[in-house]
Amino acid sequence: MKGFLKFIGVLAVIAVILYIVYAFALPATLKEVVDYNLTMATDKEAKEKIESIQNAKLASSGHTYKEIFEPASKNARWEYISGAGITNDKVIFKGEDVTVAFEGTDIGDDVYTKKPLVVEYEIMANGSFNIKLTIDGKEMSQDKKAYIIEYLAKKTK
């Protein structure tokens, strides 16, 4: 009996240490990666919604959004936010260290080097979705959004 209680005590101490590391020592980006992996393993509805967006193919290139965005960034993670019937559901992709160059285009000469990328998919009632794309905290116009998606798709093998 004493051995069992010691074992439970050791497990409790390990659990507390892991929680403290997760809550206070991990950077926010790594927490989101851990949360993404936990969500994919435990939440069936969220997994289905995330995978439906990840596996949606672009008509122009035939690549999926997962194939386009994940290789182009570090610490790639996806998040599902339920609208609970009040608002539309959302799936959000976040990645770090994305590089995009608009040089020589008619939409500007901006260059984004190693900047954070956030792509928000708002899932409409009919199953379609609207995309909002942000680089380095700046929401991209429709033209720039289309250019970035195609630019990253061309870099996909």
Side-chain angles (χ1 to χ4, degrees), residues 18-157:
L18 288 175
Y19 175 76
I20 289 171
V21 168
Y22 172 80
F24 301 109
L26 278 182
T29 300
L30 292 180
K31 280 185 195 176
E32 290 174 351
V33 171
V34 170
D35 289 344
Y36 164 63
N37 288 316
L38 286 173
T39 297
M40 294 302 279
T42 61
D43 189 339
K44 185 177 178 181
E45 179 188 8
K47 181 179 180 181
E48 288 174 1
K49 296 283 187 174
I50 290 171
E51 286 179 343
S52 72
I53 297 294
Q54 287 177 332
N55 297 325
K57 290 188 181 254
L58 263 66
S60 59
S61 68
H63 293 296
T64 65
Y65 286 106
K66 182 176 184 173
E67 293 170 340
I68 293 169
F69 292 126
E70 286 189 9
S73 61
K74 291 183 181 174
N75 299 321
R77 61 239 184 242
W78 298 78
E79 178 184 357
Y80 170 70
I81 300 172
S82 174
I86 299 167
T87 62
N88 294 325
D89 294 343
K90 292 182 181 179
V91 172
I92 299 171
F93 170 82
K94 294 179 183 177
E96 310 297 324
D97 294 347
V98 174
T99 298
V100 176
F102 293 103
E103 294 175 312
T105 67
D106 57 351
I107 54 177
D109 282 329
D110 297 331
V111 177
Y112 295 95
T113 306
K114 296 193 179 275
K115 300 295 182 187
L117 170 71
V118 177
V119 184
E120 184 178 301
Y121 302 85
E122 181 180 12
I123 304 170
M124 310 312 277
N126 64 3
S128 66
F129 49 85
N130 295 326
I131 300 174
K132 180 174 124 181
L133 193 144
T134 307
I135 293 183
D136 197 25
K138 298 175 188 163
E139 186 174 344
M140 298 290 117
S141 67
Q142 190 68 26
D143 291 339
K144 286 186 177 183
K145 178 175 61 177
Y147 177 84
I148 290 167
I149 292 170
E150 290 302 318
Y151 177 88
L152 294 176
K154 287 178 186 172
K155 292 174 71 175
T156 303
K157 295 178 182 179

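Here the structure is a predicted model, which means the values were calculated and not measured. Along the sequence shown, residues carry numbers from 1.
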Is the backbone of [Y] close enough, under 3.5 Å, to the side chain of [X] for a donor and an acceptor to pair up by distance?
X: Asn126; Y: Ser128; result: yes
X: Asp43; Y: Thr39; result: no
X: Lys49; Y: Asp89; result: no
X: Tyr80; Y: Tyr36; result: no
X: Thr64; Y: Glu67; result: yes

Nearest heavy atoms of [X] and [Y], plus distance in Å:
X: Ile148; Y: Met140; result: CD1-CG, 3.6 Å
X: Met124; Y: Asn130; result: SD-ND2, 3.5 Å
X: Ala56; Y: Phe129; result: CB-CZ, 4.0 Å

Answer yes or no: is there a side-chain heavy-atom contact under 4.5 Å between [X] and [Y]?
X: Thr156; Y: Leu152; result: no
X: Pro116; Y: Ile135; result: no
X: Val100; Y: Leu117; result: no
X: His63; Y: Leu58; result: no
X: Tyr65; Y: Ile131; result: yes
X: Ser73; Y: Phe93; result: yes
X: Glu51; Y: Met40; result: yes

(Q) Salt bridge or not between Glu139 and Lys144? Use side-chain N to carboxylate O under 4.0 Å. (A)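 Result for this pair is no, no salt bridge flagged.
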Q) Run the side-chain contact (heavy atoms from CB on, under 4.5 Å) check on Lys94 and Val118 step by step: do they pass? A) CA-CA 5 Å; Lys94 294 179 183 177; Val118 177; 4.2 Å; yes
Q: Inspect the surroundings of NZ in Lys138 and state if more than 12 heavy atoms from other residues, nucleotides or ligands are less than 6.0 Å away.
A: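 No, NZ of Lys138 has 12 or fewer neighbouring heavy atoms, counting only those of other groups under 6.0 Å.
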Q: Might you confirm whether atom NZ of Lys145 has over 12 heavy atoms from other residues, nucleotides or ligands at distances under 6.0 Å?
A: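 Count over threshold, so yes.
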**Q.** The single option from Ile123, Ile81, Val119 passing side-chain contact (heavy atoms from CB on, under 4.5 Å) against Val91
**A.**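 Result for side-chain contact (heavy atoms from CB on, under 4.5 Å) with Val91: Ile123.
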Q: Taking atom types as modelled, find out whether Glu96 and Asn75 have a side-chain donor-acceptor pair closer than 3.5 angstrom.
A: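 No, because no side-chain N or O of Glu96 sits under 3.5 Å from a partner of the opposite role on Asn75.
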Q: Using the test side chain to side chain contact (heavy atoms under 4.5 Å, CB included), find all partners of Asp143 that sit at least two apart in sequence or belong to another chain.
A: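 For Asp143 the side chain to side chain contact (heavy atoms under 4.5 Å, CB included) partners, ignoring immediate neighbours, are Ile107, Ser141.
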Once rounded to the nearest 0.5 Å, what's the spacing between atom [atom1] of [X] and atom [atom2] of [Y]?
X: Lys57; Y: Ile68; atom1: NZ; atom2: CD1; value: 10.0 Å
X: Ile50; Y: Ile92; atom1: CD1; atom2: CD1; value: 10.0 Å
X: Lys47; Y: Thr42; atom1: NZ; atom2: OG1; value: 10.5 Å

Q | Pairing residues for Ser60 by the side chain to side chain donor-acceptor pair (under 3.5 Å) criterion, not counting sequence neighbours | A |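 Only Glu150 meet the side chain to side chain donor-acceptor pair (under 3.5 Å) criterion with Ser60.
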(Q) Working note: Lys132 + Glu122, criterion side-chain contact (heavy atoms from CB on, under 4.5 Å); need CA distance, chi angles, decisive distance, verdict. (A) CA-CA 8 Å; Lys132 180 174 124 181; Glu122 181 180 12; over 6 Å; no
Q: Kindly assign one of parallel, tilted or perpendicular to the pair Tyr121 and Trp78, based on the angle between their ring planes and the thresholds 30° and 60°.
A: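 Parallel, since the angle between the ring planes stays under 30°.
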